[in-house]
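Letters A, B, ... are given to chains in the order of the sequence lines, protein chains preceding strands, and every chain is numbered from 1.
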Amino acid sequence: MEYIIIIIGTVLVSNIVLANFLGICPFLGVSGKLATATGMSGAVLFVMTVASIVTWLIQQYVLNPFGLGFLQTISFILVIASLVQVVEIILKKVSPPLYQALGVFLPLITTNCAILGVALLIIQKDFNLLQGTVYAIGNSLGFALALILFAGLREHLELMDVPKGMRGMPIALVVAGILSLAFMGFANLVKI
Amino acid sequence: MDNLLTISGSPHVHANESIKKIMYSVIYAMIPAMLVSFYFFGLDAVRVLAISVVACVLVEFLIQKYLIKGDLTINDGSAIITGVLLAFNVPSSLSTWIIIVGAIVSIGIAKMAFGGVGKNPFNPALVGRVFLLISFPVQMTTWPIAKPLFGNSTLDAVTGATFLGNLKDQVNNLEAGKVTVGQLIEKGLPQYNELGDIVGYQVTNYQDLLLGQMGGSLGEISVIALILGAIFMLAKKTITWQIPVAYLGSAFVFAGIFWLINPDVYINPLYHMIAGGLILGVFYMATDMVSSPMSVKGQIVFGIGCGVITMVIRFWGGYPEGVSFAILIMNAFAPVINRGFKPARFGKLKMV
């Protein structure tokens, strides 16, 4: 039950993009097409989960025992960046089709603040490893939901005769704002 | 230019329909609910409705004239509908300037920014309402109790929460088992003032709720008037039955399941049908042709999604009412639903 609450909380109530406003750059950057949005969501799901597990282990077994808490941010950034590289190399060797499918999004994830944000939030909220992993999966599902909805809307808007000054990014930001307003309806649904 | 012949391939079917005709039939359908709101809320309702409609039409006119510089479409009635729906979704005591802000958000941001009528992915009136609800939570949830225009009410401008708001106040008591739904219905839902003292009880018989004898926003109070308008629209084929049936059905079933499991905590689903903005949302806003899916299967999925989200927010959410949020969220799903339920091309063979 606890894990279901975490999933509902992260996907609907405090959605990483629509309520916490993290990961806005891939949200706006790769939401032009539904297919790429799905690919990006898959890549984020994978990296976010692995990165959260690894950073949790580092926090518990390296930073905490040696009193190196002040190195948290920089070590997490390093870990995530190198993790993405490692994942990329392994995927290229082990599963070329998946590597092909994720394409350029895999290296792009290095700069996705949602990954670092989730890793830090897990430490802040004092989750244990399993809770943290579920939290990371929930957040990446929330990211996927927001990204896929947004990509659908943007594809839809491509076909519309939007006024010249609003075409492209401005109207995308308006849509993102309205989407965020709509998701505020889930406020206080569950507490995590 | 009017004499140019329209040349197109067959079939040459002509339906005597236009945007204007559809829009005006929706406006006619809203007249009974409008009259009921005048009856219950008096001149305040007239004020809110007039300001909302005038502001919406004016904003659309100014944007088209000076920003987009395109054809004027204020005559097609779509801005009037947005104005009326916005007014239907706010309490009658709302200040004039807040209504104008709502009209600017509805028409300026949710409709004209996308290019005007037929291009908005979200229902404009609902965007305006949700924007106001989040920006001005106190003003938007101060509900004047219905005081009939020709009644002998001696009270002047009493305020209280809506039926669902009062129910929401009891959620903790209900879940803790301090009080059961049966007791609440017998005694009425307690109404609290700012200090937390009980100042009165909300009536809970079906008759009053159906007629509109309760606190609430302008257009949502009288279920009977709204259904009259809905029958008119269904008869004129302005709306189709799929979304309303799927929406009401799924909300009823969802609420019914919980009611059957624990009737002490969850109220009879019939109350959920007639209290709050469900009927208004189901027939007048979820059925908006622009922001709902195109195919029949898609519309049913859309309706079910709306119903379930509405009840989830009503049962467990922070807001007492979830209709506007549910419709907006499902509006966002509409393009994805459209992709998922493409009708088969004519002549397409089944994959073997």
### Query
Are there more than 12 heavy atoms of other residues, nucleotides or ligands under 6.0 Å from atom CD1 of B:I261?
yes
### Task
Against chain B, label A:L149 side chain, backbone, both or neither, depending on which of its atoms sit under 4.5 Å from a heavy atom there.
both
### Message
Could you check whether any side-chain heavy atom of B:F114 comes within less than 4.5 Å of a side-chain heavy atom of A:V175, counting everything from C-beta outward?
### Response
yes
### Query
Is chain A contacted by the side chain of B:I109, its backbone, both, or neither, given a heavy-atom distance below 4.5 Å?
both
### Query
Side chain, backbone, both or neither: which part of A:L34 has a heavy atom under 4.5 Å from chain B?
side chain
### Task
Please report the shortest heavy-atom distance between A:L179 and B:A332, naming the atom on each side.
CD1-CB, 3.3 Å
### Task
Could you tell me which non-hydrogen atom of B:V130 sits nearest to which non-hydrogen atom of A:L181, and how far apart they are?
CG1-O, 3.9 Å
### Task
Would you mind checking which part of A:L145 comes under 4.5 Å of any heavy atom in chain B, side chain (CB onward), backbone (N, CA, C, O), both or neither?
side chain
### Summary
Scanning both residues in full, the closest heavy-atom pair of B:P335 with A:G152 reads CB-O, 3.4 Å
### Message
Quick check on B:F131: does its CZ atom have over 12 non-hydrogen neighbours (other residues, nucleotides or ligands) under 6.0 Å away?
### Response
no
### Query
Is any side-chain heavy atom of B:K119 less than 4.5 Å from a side-chain heavy atom of A:V162?
no
### Task
Using non-hydrogen atoms and a 4.5 Å limit, figure out which bit of A:M184 sits close to chain B: side chain, backbone, both or neither.
both
#### Entry: Contacting region of B:F315 [heavy-atom separation from chain A under 4.5 Å]
neither
### Query
Using non-hydrogen atoms only, which part of B:F122 is less than 4.5 Å away from chain A: side chain, backbone, both, or neither?
side chain
### When A:G177, A:P170, A:A187, A:G185 are compared by non-hydrogen pairs under 4.5 Å with chain B, the top option
A:G185
### Query
Checking heavy atoms, do the side chain of B:I134, its backbone, both or neither come under 4.5 Å from chain A?
side chain
### Task
Rounded to the nearest 0.5 Å, what's the gap from CZ on B:F325 to CZ on A:F183? Could you check?
12.0 Å
### Task
Against chain A, work out which of B:V336, B:N338, B:V105, B:I329 has the most heavy-atom pairs shorter than 4.5 Å and name it.
B:I329
### Close approach to chain A in residues 296-313 of chain B, criterion heavy atom under 4.5 Å
B:I309, B:V312, B:I313
### Query
In terms of heavy-atom contacts, does CD1 of B:I19 have more than 12 from other residues, nucleotides or ligands at under 6.0 Å?
no
### Task
Might you confirm whether atom CH2 of A:W56 has over 12 heavy atoms from other residues, nucleotides or ligands at distances under 6.0 Å?
yes
### Query
Should we count CZ of A:F70 as having more than 12 external heavy atoms under 6.0 Å?
yes
### Query
Nearest heavy-atom pair of B:P121 and A:H156: which atoms, and what distance?
CB-CD2, 4.3 Å
### Query
Has A:Q100 got more than 12 heavy atoms of other residues, nucleotides or ligands less than 6.0 Å from its CD?
no
### Task
Report the option among A:N188, A:I171, A:V174 that has the most heavy-atom pairs separated by less than 4.5 Å from atoms of chain B.
A:I171
